[in-house]
K.L.:
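Attaching a single structure in structure tokens format; questions to follow.
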Amino acid sequence: MTTAEEKIHYRTCPLCEATCGLEIHTVNGEVTHIEGDKKDPFSKGYLCPKGFSLKELHHDPERIREPMIRKGTEWFTVSYEEAFKEVRKGLRRVIEKYGRDAVGVYLGNPNVHNLSGLLYLPLFLRALGSRNQYSASTVDQIPKQLAAEFMYGSDFSIPIPDIDRTQYFLVIGANPIVSNGSLMTGPNMRGRLKALQDRGGRLVVVDPIRTATAKVADDHHFIKPGTDGYFLFSILHTLFDEKLAKETHLSGHVNGLETVKELAKDFPPDKVASICGLDSETIRTIARDISSATCAAVYGRMGTCTQTFGTVNSWLIDVINVVTGNLDREGGVMFTTPAAGGKTSKKKGYRFDRFRSRVSELPEVLGELPVACLAEEMDTPGEGQIRAFVTVAGNPILSTPNSKRLQNSIKNLDFMVSIDCYLNETTRNANVILPAPTPLERSHYDLSFYQLSVRNISHYSPPVFEKKESQLDEWEILLKLATLVGEEEPDDNAAAKLDEKSIHYLIKKDVQNEQSPLFDQDPKEIISVLEGRIGPERMLDYMLRSGPYGDHFKKQGGLSLNKLEQNPHGIDLGALKPRIPEVLLTHTGKVELAPEVIVKDVARLKEESSEQVDMVLIGRRNLRSNNSWMHNLPVLMKGKDRCTLLLHPEDGKRLDLQDGDLAQVLSDTGSLEVNVALTEDIMPGVGSIPHGYGHNLDGMKMTVAKENKGVNTNILSNEKRLDAVSGTAVLNGIPIVVRKANSGRNEHGFVRSESI
Ligand SMILES: Nc1nc2c(c(=O)[nH]1)N[C@H]1C(S)=C(S)[C@@H](COP(=O)(O)OP(=O)(O)OC[C@H]3O[C@@H](n4cnc5c(=O)[nH]c(N)nc54)[C@H](O)[C@@H]3O)O[C@H]1N2
Ligand SMILES: Nc1nc2c(c(=O)[nH]1)N[C@H]1C(S)=C(S)[C@@H](COP(=O)(O)OP(=O)(O)OC[C@H]3O[C@@H](n4cnc5c(=O)[nH]c(N)nc54)[C@H](O)[C@@H]3O)O[C@H]1N2
Ligand code: SF4
Ligand SMILES: [Mo]
């Protein structure tokens, strides 16, 4: 029975890439319960424990709800006015004295799940004008984006596995059943993979851990961390050697096939098998199976990106999809046609290496610098040194390499401001914290993930709760910050004026662009149609209406925000469709199969590694965890200790470590002590610790997280060990030494490994 005060709200969950539809029940401003929205055309009622936890997240008493200023180690809540005054003073002082590059910015992962961040961060970054822009992308997916930038002319043109139609799915270094899919948006990965097998398709997983995904696969093969480049090249070798390649696929639309063919010659399976820990016949069988399947998709994620050959791996995966005839084909890997945010302009130049970092001279990648060099840019004196720091939805102290160094360098900054919702490992260093509204207090549209989705979907969610009158939305905070960094003291209307200016700019660009459906229309008419909306809603309405399904401000029945508001469960725009050649934005208008910058790194693959390695460390994820920041929610933290070191029993025996013992793990940057969990599900010679823990730093206000503190695995990752092309940090395949800790058994007693 529905009581008089009970309300039901429908919205997409913004916590991970799966974009599940939620049904949120509220009574008098309180969430009573959350379930999956059965009428959501994409998720059909599916949700995971994190979606359910939005209730606790919203009501968490330790969430930051008001602006705060730190004096010494004490925090005081203040008005927005006071907080902004402090921010202007802090940032302007540094800019005036040292220039704009002296302000570093770090953007964390939740920004891509947030309309405010996606639409308004660019305005702030433009106004700030610093080269020292960093983000979680260079500890994540930048290799994929860079490969796409070079191969297809846009970093967001990432081919997505057509998981619902494929007949052979090769998953390398990804665990979609636990992560719920990444750069492959689709709710209920377990269900989708089961459907693949039910229609006679095969799932094959290549991973140093027998993960939850590997456990349901038809085949799972262990691979030595960091060696995927050899494995992928030897698949390519077999395809050409055994004449299995479909060289005429996309004929006329592909450049560089001969170069790739030539390169693959050096990697016969017999030569590389022992390097990878796979046998050569397995490699050949995989190559034959991809080629003989009616359609197939090869897919790689974190395990292939955040390692020493991240970009080469991402590129090779796409090359295999091309030469097996599976790019841009139903059941293969395909490009999306997003309702909003898709790109149409041809490349003027690649967004790579247009400038370099000051200290290590690492190339710029897609407008930012690799976060691995953030600490050195802060702690190395000289012109251009970072003196002030802005974090937006980021926790780099836990998520980026060589955390200890960053912890030390962050302490010596002149000024720091964070937009965040917790007082955590990173934000405790800030001088000012500006509060981010909870996901239920803001509207939502997955601008990023519908560009990476296994179906074309459009779903808008209005806020569940109105925020308090006095509270600012995140886009308003970002607009305000954009006005604060300028020379002139901004007046009260400056933020609103900037919002106006930016929508006018967008419209002007489109009406002048011959490729836009709005070409030659009157900007004044367009702006008048948008009247009544401001901020992200106006921007989104404009993007939807000018997009491929939009009404283009003249057609009846086209997509608009209005239409989405009338369809609270979202709209299914259909399965992915072939898009070559119109989707290709390279200079040549073709798929560039052998981009020079990437091909150059193959030489490194040919060199024998001389590094003597005892063991290597990789990471893992858990269904009830989301990177570092959801560990304060009791509903997710119940149960066993999850921050353990997984070891194979053979290694346990060799190292005299038993289940529950405390091990010391050492790398070239640091050491930590962690509980051991023995399991046959990990490859011998490999250890695994999840990231996002280490909640034991003074000054944090996250009581539940502190009770489950775990260890920060990024104490062990070295900021100098990088994917040479993209500068992405190596977080998988870190050389380590493991031994019994002097202190013997752990403080919690016996530990069992959780399901992986
Ligand atoms: N529950 C949950 N879901 C999440 C997140 C979370 O923290 N928790 N985080 C979200 C984010 S930000 C992201 S980016 C995605 C990531 O999504 P995924 O990439 O699917 O998730 P991971 O668990 O990191 O999977 C990486 C896999 O690579 C394997 N691996 C490690 N090294 C190597 C190697 O050298 N070669 C190969 N072949 N495999 C290797 C690991 O064993 C692991 O199984 O997940 C998202 N979803
Ligand atoms: N060793 C190792 N390290 C890794 C990884 C790994 O696999 N192994 N994975 C990497 C990956 S894939 C990623 S994406 C990164 C994540 O790295 P980060 O993005 O740096 O870290 P998160 O844990 O996502 O922290 C998000 C921060 O945003 C805040 N927050 C949450 N919601 C909002 C909001 O709506 N607005 C604002 N303003 N703030 C909000 C949280 O309180 C928290 O401070 O970690 C990376 N680090
Ligand atoms: S799978 Fe992701 S999007 Fe779906 S409910 Fe869980 S966290 Fe939310
Ligand atoms: Mo990520």
K.L.:
Do D228 and Q307 have side-chain N/O donor and acceptor atoms under 3.5 Å apart?
P.N.:
yes

K.L.:
The test is side chain to side chain contact (heavy atoms under 4.5 Å, CB included); show your working for Q141 and L183 and say whether it passes.
P.N.:
CA-CA 8 Å; Q141 82 293 347; L183 306 187; 3.8 Å; yes

K.L.:
Within a radius of less than 6.0 Å around CZ of R190, do more than 12 heavy atoms belonging to other residues, nucleotides or ligands occur?
P.N.:
no

K.L.:
May I have the step-by-step check of side chain to side chain contact (heavy atoms under 4.5 Å, CB included) for V597 and F150, ending in yes or no?
P.N.:
CA-CA 9 Å; V597 175; F150 284 124; 3.8 Å; yes

K.L.:
Taking all non-hydrogen atoms of both residues into account, name the closest pair between T586 and G153 and its distance.
P.N.:
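Looking at all heavy atoms of both residues, the shortest contact is CG2-N, 3.4 Å.
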
K.L.:
With a 6.0 Å cut-off (strictly less than), is the heavy-atom count around NZ of K653, excluding the residue itself, greater than 12?
P.N.:
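Atom NZ in K653 is not crowded, with 12 or fewer foreign heavy atoms closer than 6.0 Å.
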
K.L.:
How close do V139 and L731 get, heavy atom to heavy atom, and via which atoms?
P.N.:
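Closest approach of V139 to L731: O-CD1, 3.6 Å.
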
K.L.:
Determine, for D207 against R210, whether the closest basic-nitrogen to carboxylate-oxygen distance falls under 4.0 angstrom.
P.N.:
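R210 and D207: not salt-bridged.
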
K.L.:
Quick one: list whatever passes side chain to side chain contact (heavy atoms under 4.5 Å, CB included) with R654, sequence neighbours left out.
P.N.:
D614, M615, D651

K.L.:
Taking only residues two or more places apart in sequence, or in another chain, which ones meet F267 in a ring-ring contact (aromatic ring centres under 6.0 Å, His included)?
P.N.:
F233

K.L.:
Under 3.5 Å, is there a donor-acceptor pair linking the side chains of R620 and S179?
P.N.:
no

K.L.:
Suppose we screen for side-chain hydrogen bond (donor to acceptor under 3.5 Å, both in side chains). Which residues come up paired with Y450, at least two apart in sequence or across chains?
P.N.:
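For Y450 there are no side-chain hydrogen bond (donor to acceptor under 3.5 Å, both in side chains) partners, ignoring immediate neighbours.
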
K.L.:
Distance check, rounded to the nearest 0.5 Å: R621 atom CZ versus C16 atom SG?
P.N.:
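These two atoms lie 10.5 Å from each other.
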
K.L.:
Do R284 and D289 sit within salt-bridge range, that is, some charged N less than 4.0 Å from a carboxylate O?
P.N.:
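Not counted as a salt bridge, because no side-chain N and carboxylate O are separated by less than 4.0 Å.
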
K.L.:
Identify whether the distance between the nearest side-chain nitrogen and carboxylate oxygen of R288 and E242 falls below 4.0 Å.
P.N.:
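Yes, R288 and E242 are salt-bridged.
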
K.L.:
Does the side chain of S135 come under 3.5 Å of the side chain of E368 through a donor N or O and an acceptor N or O?
P.N.:
yes

K.L.:
Any donor-acceptor pair under 3.5 Å linking the side-chain atoms of N718 with those of T669?
P.N.:
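There is no such pair (donor and acceptor under 3.5 Å, judged by atom type) between the side chains of T669 and N718.
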
K.L.:
Heavy atoms only: give me the nearest G229-L316 pair and the separation to one decimal.
P.N.:
O-CD1, 3.6 Å

K.L.:
Is there a donor in the side chain of Q145 and an acceptor in the side chain of E149, or the other way round, less than 3.5 Å apart?
P.N.:
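No pair is found: no donor N or O on one side chain lies under 3.5 Å from an acceptor on the other.
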
K.L.:
Can you tell me how far CZ of F222 sits from CG of D681, rounded to the nearest 0.5 angstrom?
P.N.:
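With rounding to 0.5 Å, CG (D681) is 7.0 Å from CZ (F222).
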
K.L.:
Using 4.0 Å as the upper bound for N to carboxylate O, is an ion pair formed by R301 and D140?
P.N.:
yes

K.L.:
Any chance the side chains of R199 and Q167 put a donor and an acceptor closer than 3.5 Å?
P.N.:
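Checked: R199/Q167 side chains pair up, N/O donor to acceptor below 3.5 Å.
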
K.L.:
Starting at CG of L362, measure out to CG of L722 and round the result to the nearest 0.5 Å.
P.N.:
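The CG atom of L362 sits 6.0 Å away from the CG atom of L722.
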
K.L.:
Indicate yes or no: does D164 engage R192 in a salt bridge with an N to O separation below 4.0 Å.
P.N.:
yes

K.L.:
Looking only at side chains, do T213 and N175 share a donor and an acceptor under 3.5 Å apart?
P.N.:
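Their side chains do contain a donor-acceptor pair, which is all the 3.5 Å distance test asks for.
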
K.L.:
For Y168, run the side chain to side chain contact (heavy atoms under 4.5 Å, CB included) check against L196, L203, I290, D218 and tell me which one passes.
P.N.:
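Exactly one candidate clears the test, I290.
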
K.L.:
Can you give me the closest heavy-atom contact between V738 and L655, atom names plus distance?
P.N.:
O-CD2, 3.3 Å

K.L.:
Test T238 against every option in S280, S291, P269 by the side chain to side chain contact (heavy atoms under 4.5 Å, CB included) rule and name the one that passes.
P.N.:
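Of S280, S291, P269, side chain to side chain contact (heavy atoms under 4.5 Å, CB included) with T238 is met by P269 alone.
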
K.L.:
Can you tell me how far CG of N732 sits from OG1 of T304, rounded to the nearest 0.5 angstrom?
P.N.:
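So the gap between those two atoms works out to 9.5 Å.
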
K.L.:
Does either side chain, that of Q451 or that of T336, offer a donor lying less than 3.5 Å from an acceptor on the other one?
P.N.:
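There is no such pair (donor and acceptor under 3.5 Å, judged by atom type) between the side chains of Q451 and T336.
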
K.L.:
What do the steps show when you test V676 against T644 for side chain to side chain contact (heavy atoms under 4.5 Å, CB included), and what is the final call?
P.N.:
CA-CA 6 Å; V676 170; T644 55; over 6 Å; no

K.L.:
If you measure from CG on D155 to CZ on R351, what distance do you get to the nearest 0.5 Å?
P.N.:
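Answer for the CG-CZ pair, D155 versus R351, is 5.0 Å.
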
K.L.:
Measuring from atom OH of Y152 to atom CG of D328, what distance do you get when rounded to the nearest 0.5 angstrom?
P.N.:
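Those atoms lie 9.5 Å apart.
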
K.L.:
Could you check whether F231 and H221 have their ring centres less than 6.0 Å apart?
P.N.:
no

K.L.:
Taking all non-hydrogen atoms of both residues, which atom of L623 and which atom of V178 are closest, and how far apart?
P.N.:
CD1-O, 3.4 Å

K.L.:
Using the ring-ring contact (aromatic ring centres under 6.0 Å, His included) criterion, which residues pair with F240? Sequence neighbours excluded.
P.N.:
none

K.L.:
Is it the case that over 12 heavy atoms from other parts of the model lie below 6.0 angstrom from the CD atom of Q515?
P.N.:
yes

K.L.:
Does R604 count as lying over the ring of F309, i.e. NZ or CZ under 6.0 Å from the six-ring centre, within 45 degrees of the axis?
P.N.:
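Positive - R604 is close enough to the ring of F309 and near enough to its axis.
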
K.L.:
Applying ring-ring contact (aromatic ring centres under 6.0 Å, His included), can you list everything that pairs with H648, at least two apart in sequence or on another chain?
P.N.:
none

K.L.:
Tell me the closest heavy-atom pair linking N255 and E592, and the distance in Å.
P.N.:
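Here N255 and E592 meet closest at ND2-OE2, 3.0 Å.
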
K.L.:
Is the shortest side-chain N to carboxylate O distance from K144 to D318 below 4.0 Å?
P.N.:
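Between D318 and K144 there is no salt bridge, as every charged N stays at least 4.0 Å from the carboxylate O atoms.
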
K.L.:
Decide, yes or no, whether a salt bridge links D668 with K720 under the criterion of side-chain N to carboxylate O below 4.0 Å.
P.N.:
no

K.L.:
With H249, which residues qualify under ring-ring contact (aromatic ring centres under 6.0 Å, His included), at least two apart?
P.N.:
none

